[in-house]
Amino acid sequence: ATQSSSVSAKTVLAAPAVRKRAFELHIDLAQVPSSQPNGRITMPDLEAYLQR
Amino acid sequence: MQMTMIEALNNALALILERDQRVVLLGQDIGANGGVFRVTERLQERFGEQRVFDTPLAESAIIGSSVGMAVYGMRPVAEIQFAGFLYVGMNQLVTQAARMRFRSGGVFTCPLVVRAPYGGGVRTPELHSDSLEGLFLQTPGLKVVIPSNPYDAKGLLVSAVDDPDPVVFLENIKLYRSFRQETPEDYYTVPLGKANVVQAGEDVSLFAYGAMVPVALDAARQIQQETGATVEVIDLRTIWPLDEEAIVSSVSKTGRAVVVHEAPRAGGVGAEIVSILNEQCLYSLLKPVERVTGYDTPFPVPGQEDYYLPNARKVRDAIRRVLEP
Amino acid sequence: MQMTMIEALNNALALILERDQRVVLLGQDIGANGGVFRVTERLQERFGEQRVFDTPLAESAIIGSSVGMAVYGMRPVAEIQFAGFLYVGMNQLVTQAARMRFRSGGVFTCPLVVRAPYGGGVRTPELHSDSLEGLFLQTPGLKVVIPSNPYDAKGLLVSAVDDPDPVVFLENIKLYRSFRQETPEDYYTVPLGKANVVQAGEDVSLFAYGAMVPVALDAARQIQQETGATVEVIDLRTIWPLDEEAIVSSVSKTGRAVVVHEAPRAGGVGAEIVSILNEQCLYSLLKPVERVTGYDTPFPVPGQEDYYLPNARKVRDAIRRVLEP
Amino acid sequence: MTTRQIDSGMVAYQILNEEGTLVSNMPDLGPAPQEMLLKLYRAMQLGRTFSHKIIALQRQGRATTFGSLVGQEATAVGLAAPLRQEDWLATSYREIASHIWKGIPLPTLIYGFRGFTAAYPPECHTLPIQIVIGTQMLHAVGLAMAAKLSGDPVVAVGVCGDGATSEGDFNEALNFAGVYQAPAVFVVQNNGWAISVPRKKQSAAPSLALRGPGFGIPSVLVDGNDVLAVFEVMKQAVEKARAGDGPTLIETLTYRIGAHTTADDPRRYRDEAEVEAWKAKDPIARLRRFLLAEGMLTEEQDRELVAAVEEEINQAANEALALPPNAPDAFFDWTAATLTPRLQAQRRDAQQYAQE
Amino acid sequence: MTTRQIDSGMVAYQILNEEGTLVSNMPDLGPAPQEMLLKLYRAMQLGRTFSHKIIALQRQGRATTFGSLVGQEATAVGLAAPLRQEDWLATSYREIASHIWKGIPLPTLIYGFRGFTAAYPPECHTLPIQIVIGTQMLHAVGLAMAAKLSGDPVVAVGVCGDGATSEGDFNEALNFAGVYQAPAVFVVQNNGWAISVPRKKQSAAPSLALRGPGFGIPSVLVDGNDVLAVFEVMKQAVEKARAGDGPTLIETLTYRIGAHTTADDPRRYRDEAEVEAWKAKDPIARLRRFLLAEGMLTEEQDRELVAAVEEEINQAANEALALPPNAPDAFFDWTAATLTPRLQAQRRDAQQYAQE
Ligand SMILES: Cc1ncc(C[n+]2csc(CCOP(=O)(O)OP(=O)(O)O)c2C)c(N)n1
Ligand SMILES: Cc1ncc(C[n+]2csc(CCOP(=O)(O)OP(=O)(O)O)c2C)c(N)n1
Ligand SMILES: [Mg+2]
Ligand SMILES: [Mg+2]
Ligand SMILES: [Mg+2]
């Protein structure tokens with residue numbers, strides 16, 4: 001991972017499973033809109049982002 | 001035959017005494033009185049005072065002398081009247097029984113079973129309900145077994161007595177007579193170290209043992225009714241060593257987990273399960289693992305224990321939280 | 001003044017004895033002999049046999065009589081010669097000292113400090129090196145403190161004696177004389193329950209206490225040299241209650257964590273920290289938290305302890321794994 | 001009588017024999033001996049009635065496990081009567097009559113047996129009843145050591161059963177007290193049984209009082225069903241301790257007439273004949289006979305006294321039953337002086353579920 | 001002599017006095033009494049030389065903490081000599097001379113003091129030295145109970161120091177043995193000190209042997225520096241136990257001439273004069289005088305014997321020092337009969353770091 005993506009990964013809140021999925025799909029979680037009040041990216045958020 | 005857990009344990013002890021002449025039972029009030037819960041009912045009558053005998057009121061001596069008997073070649077099965085009194089014999093259990101093999105470089109062994117009732121919800125005096133299993137994670141050399149039903153109780157006790165190392169066998173008081181279950185009168189074993197998938201499920205893994213297994217099943221039923229989600233309920237059966245494979249494979253599938261125990265939360269069995277999941281399947285986790293446990297206070301008096309103990313409502317709420325996206 | 005940890009503790013005890021007439025020191029060989037490690041050196045000479053006295057060889061009695069003294073209104077500071085022998089007095093500590101407030105509905109309290117040396121790497125006989133702190137997570141009512149340096153040792157011991165509840169104060173043998181540090185001779189306190197960020201960092205959080213703090217710092221230095229990553233080293237200081245805020249806020253920032261302790265892994269302090277992180281900042285976690293700990297075996301004989309104990313290499317390797325993407 | 005080393009014949013010291021006849025000198029009962037005798041008598045009746053009451057409540061599901069006090073009232077009352085308020089008492093569960101004498105209000109005691117945490121008035125210097133057999137003996141030693149170190153003329157009394165003498169803590173307590181010459185008095189209520197284990201299977205020692213000399217502690221064997229003998233022996237031991245002359249071990253020979261607790265069935269392990277034989281040595285009947293014979297009490301007064309005692313207990317029970325339960329989250333407050341955020345959160349959790 | 005209850009004067013039983021003169025009858029030393037005397041003498045020399053050797057190795061950094069045996073050889077040898085191979089021995093760390101007599105090879109013992117786990121030959125029926133003070137006494141009781149339950153004519157001996165008598169476990173052991181009439185013999189090596197705590201501060205009892213009667217166990221006080229007296233008293237106790245007549249408590253009065261361990265400095269707490277006074281009662285010198293006076297040993301033979309003993313110890317030390325250390329991961333094997341996957345993984349981790 002590049003320095004910038006790891007920095008952005010650190011600022012994003014997401015369950016480890018979501019991170020892993022995003023990593024496998026080469027998706028930067030910082031780009032994914034969140035459905036949660038604290039900005040956490042859920043698995044459905046990630047899936048919705050994929051369907052966009 | 002339909003047996004309560006008391007009957008199953010009594011049956012197991014009789015069987016063990018019959019099969020293996022090296023076995024002796026000792027403890028407070030286990031002879032004529034048959035034990036305060038009657039687990040050893042009629043065993044002294046049947047096997048004699050040489051095989052089944054009362055001891056003076058001294059837990060350290062019960063465990064310490066059992067260590068000597070075990071080294072000699074016997075298979076002592078010692079009863080501590082309530083698990084809370086294990087603290088009194090803690091040194092003999094942890095630094096002696098658990099380490100005989102270790103200290104002697106494998107020359108001497110200590111095939112000793114220490115049985116003790118424990119568990120809340122039965123309005124007992126203090127120290128009668130305390131759950132000590134979490135303590136033994138930090139005391140290497142001991143196995144810890146907690147059955148949740150009569151069938152397992154018998155099979156696990158037979159395995160514990162056959163085990164070449166010391167086993168702490170904790171019996172939940174609430175389960176002692178709460179239900180009967182078909183239990184063979186003949187010899188069989190349930191292996192130590194193997195968890196039991198009581199109910200398969202896809203959406204969340206629920207780990208429990210002892211009296212928390214029925215609580216877990218109750219909560220699982222409610223969840224399924226209310227949400228349609230299926231809960232995989234796993235009865236750990238052996239607390240140490242934990243069946244890590246079973247734990248990890250379930251959560252790898254579900255991505256969500258709840259652990260239930262009566263013992264305090266801090267550093268308990270739940271903490272170790274969370275740690276195992278962290279180490280072995282963190283990337284499967286969709287939500288924080290929930291611990292539904294006793295609080296980090298001493299076990300309270302009878303009038304307050306209901307406010308202390310995990311119950312189906314607490315477990316159901318935890319499952320609900322875990323099921324959120 | 002430059003003090004070793006022994007000197008700082010001795011200085012703290014002298015100060016406490018001077019300031020508070022309720023304080024008495026008791027334990028095996030703490031009088032004329034000044035304690036087997038000389039922590040109580042000259043204190044009996046200075047304060048008299050009424051304030052500083054030897055006891056018979058009985059840990060349960062040392063703790064049990066201290067409970068009585070504490071209820072009476074004194075502030076006993078009891079030394080157990082090695083923490084491994086706490087098992088002998090475990091019942092008085094866990095079911096009595098820790099629960100006096102609880103059992104009496106708050107009428108009686110037990111402001112007792114139990115000091116005990118512990119820790120590996122010093123080639124002691126068995127049970128002299130065992131780390132018992134993990135056990136006390138499952139025994140509510142006790143605080144557990146472990147200092148990593150002379151300054152903290154003094155300030156924490158003063159706080160422990162001032163605390164209205166029982167405190168187990170564990171002193172790492174290896175740190176006793178390993179270095180000197182500027183330590184005021186006057187009164188000061190270091191608060192219980194507060195961790196200390198020994199070294200700030202951005203990339204990984206490293207939790208340690210006692211003799212593992214220098215090990216952690218060593219590993220952190222190596223990592224920084226080798227990879228440029230900065231390690232936040234946090235000295236827990238109080239083991240129970242843990243400073244959850246400090247733990248969570250560091251990992252919320254770094255997303256990566258390693259915990260180091262000498263005690264066995266299962267159900268230890270590391271397990272509880274992993275659980276706290278799971279509960280409070282799972283969504284920040286980038287990698288599984290690593291536990292670098294003693295193995296799940298008894299503490300081995302002197303000739304093998306180097307193979308058992310965590311060291312800077314093991315910690316460094318764990319940090320490296322955690323730093324991987 | 002000076003506190004005497006037990007002799008090899010091991011005859012228990014007695015003042016009032018089974019028939020209620022004086023066989024030794026009447027002890028010094030203070031300025032108003034007759035009142036004191038009646039007070040001792042009433043206290044024993046109170047203890048017995050308390051016991052019956054809690055067992056009745058337990059059968060109704062309104063009290064938790066309880067160990068019968070019946071038969072042991074002379075020891076429990078006799079050991080408490082010579083104490084000052086500032087003297088400390090650390091007992092097991094079978095000395096409720098001692099707690100009553102020491103001033104713990106009856107409703108407080110009954111509230112405890114409802115299964116709640118009962119706060120004893122701190123000035124009664126009485127520790128909560130102890131469940132972990134034998135441990136309280138070390139607390140008594142510590143209290144006594146503290147009194148001595150503080151220069152206070154205060155004595156601490158540790159009381160336990162015959163079974164407790166097998167525990168390490170009991171023996172460590174004797175040793176510590178001997179070494180520090182602590183102002184402690186140890187009372188072993190030898191009631192013949194530790195649940196189902198008879199005294200002779202508890203120890204090969206012919207007498208438990210024999211334990212004392214092995215720790216350098218003078219010991220006395222006393223008829224535990226003779227409240228005057230227990231009082232006298234106890235008084236001497238307490239005065240000796242208070243005078244700075246060290247600890248004493250007292251074995252009181254008595255008998256548990258009832259079941260071990262409400263959870264126990266003694267028919268499984270002991271002979272009714274033994275119980276009957278001991279009933280003939282009843283401590284209350286004995287003193288009653290004496291009081292009647294001496295004209296200190298009439299049958300009429302006795303009936304009144306018994307009725308008044310019952311009334312007192314019933315009223316206390318009603319009061320205790322009317323008390324609100326402990327707050328559902330009260331146990332958090334008793335865990336530590338200040339609660340950490342974690343415990344505060346757990347407490348909120350408990351509160352929430354308690355409300356639902 | 002029959003094993004005697006200690007008398008109130010508490011005169012220790014003696015056969016060979018400080019000058020090496022017989023003051024009681026010579027015990028029955030078996031078919032070859034002179035050989036046995038020389039064997040006892042040699043065993044004491046071996047114990048002392050062993051002690052000197054380990055302390056020397058410790059100073060060179062080649063051995064771990066060690067507690068001096070010097071001055072206590074008569075007790076250690078005298079208690080072991082009457083035992084059969086099948087009798088069990090459970091001791092603390094100060095009875096290495098007993099272990100030698102019981103057949104543990106010298107290199108095995110020395111290997112242990114190098115800081116490794118030493119495997120005792122199981123047929124020697126000797127438990128590893130115990131560090132947790134007092135605990136082994138209960139193991140001896142259990143071994144004795146097992147022997148009795150199995151109908152084996154086997155005795156178990158528990159040995160501890162004077163300090164150990166303050167521990168609960170010591171007292172619980174006496175009680176259990178009394179109750180079960182276990183074929184156990186308890187030996188308290190009263191060497192005057194528990195590290196810095198003198199015997200009189202350890203217990204208010206005038207004699208530790210007085211502990212016995214409180215548990216219904218006959219007790220003997222014996223001169224612990226008189227190998228013949230220890231042998232005789234021990235022999236009787238062992239025979240009595242083997243015959244099914246129950247346990248005995250033996251207090252041996254001896255003295256720790258050296259420091260508590262290599263980590264201790266006794267000048268901080270004890271008077272050199274006391275040590276000097278006890279040196280005059282040296283157990284080895286005493287028997288040597290007797291043997292020389294009786295013509296059983298010449299000065300020449302004595303020198304040869306001492307040289308041979310030293311040679312034996314040096315050779316054993318060389319052998320022990322040449323032994324490979326325990327495998328780095330050996331402690332995993334000793335944790336449990338079979339290793340779980342988790343422990344197997346941890347063991348691989350240990351192996352890997354050991355190799356680096
Ligand atoms: C340490 C401990 N072990 C076991 C028990 C269970 N138990 C409760 S009462 C009792 C018997 C006590 O006998 P004794 O000391 O003679 O007192 P008694 O009940 O006769 O008054 C036992 C074994 C306990 N409470 N504590
Ligand atoms: C339970 C326990 N407490 C404390 C210690 C530390 N310690 C080691 S030896 C010793 C003194 C033992 O005295 P004693 O029993 O008289 O034996 P001795 O060393 O004189 O042979 C102490 C306190 C220990 N090993 N075990
Ligand atoms: Mg009793
Ligand atoms: Mg004990
Ligand atoms: Mg000694």
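Hydrogens, waters and symmetry mates play no part in the numbers below; they use all other heavy atoms, side chains included. So that the names make sense, note that chain A is the first sequence line, chain B the second, and so on, each numbered from 1.
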Exercise. Out of curiosity, E:Leu174 CG to D:Asn171 CG, how far, rounded to the nearest 0.5 Å?
Worked result: 8.5 Å
Seminar exercise, completed: Given D:Gln181, D:Glu167, D:Arg211, D:Glu172, the one with more heavy-atom pairs under 4.5 angstrom with chain E than any other is D:Arg211
For this session: List the atom of E:Pro213, the atom of D:Pro206, and the distance in Å for their closest heavy-atom pair.
Result: O-CD, 4.4 Å
Problem set entry | Atom of E:Ala205, atom of D:Gly214 and distance for their closest heavy-atom approach | CB-O, 3.0 Å
Exercise. Where the side chain of D:Asn175 meets the backbone of E:Gln202, is there a donor-acceptor pair that is under 3.5 Å apart?
Worked result: yes
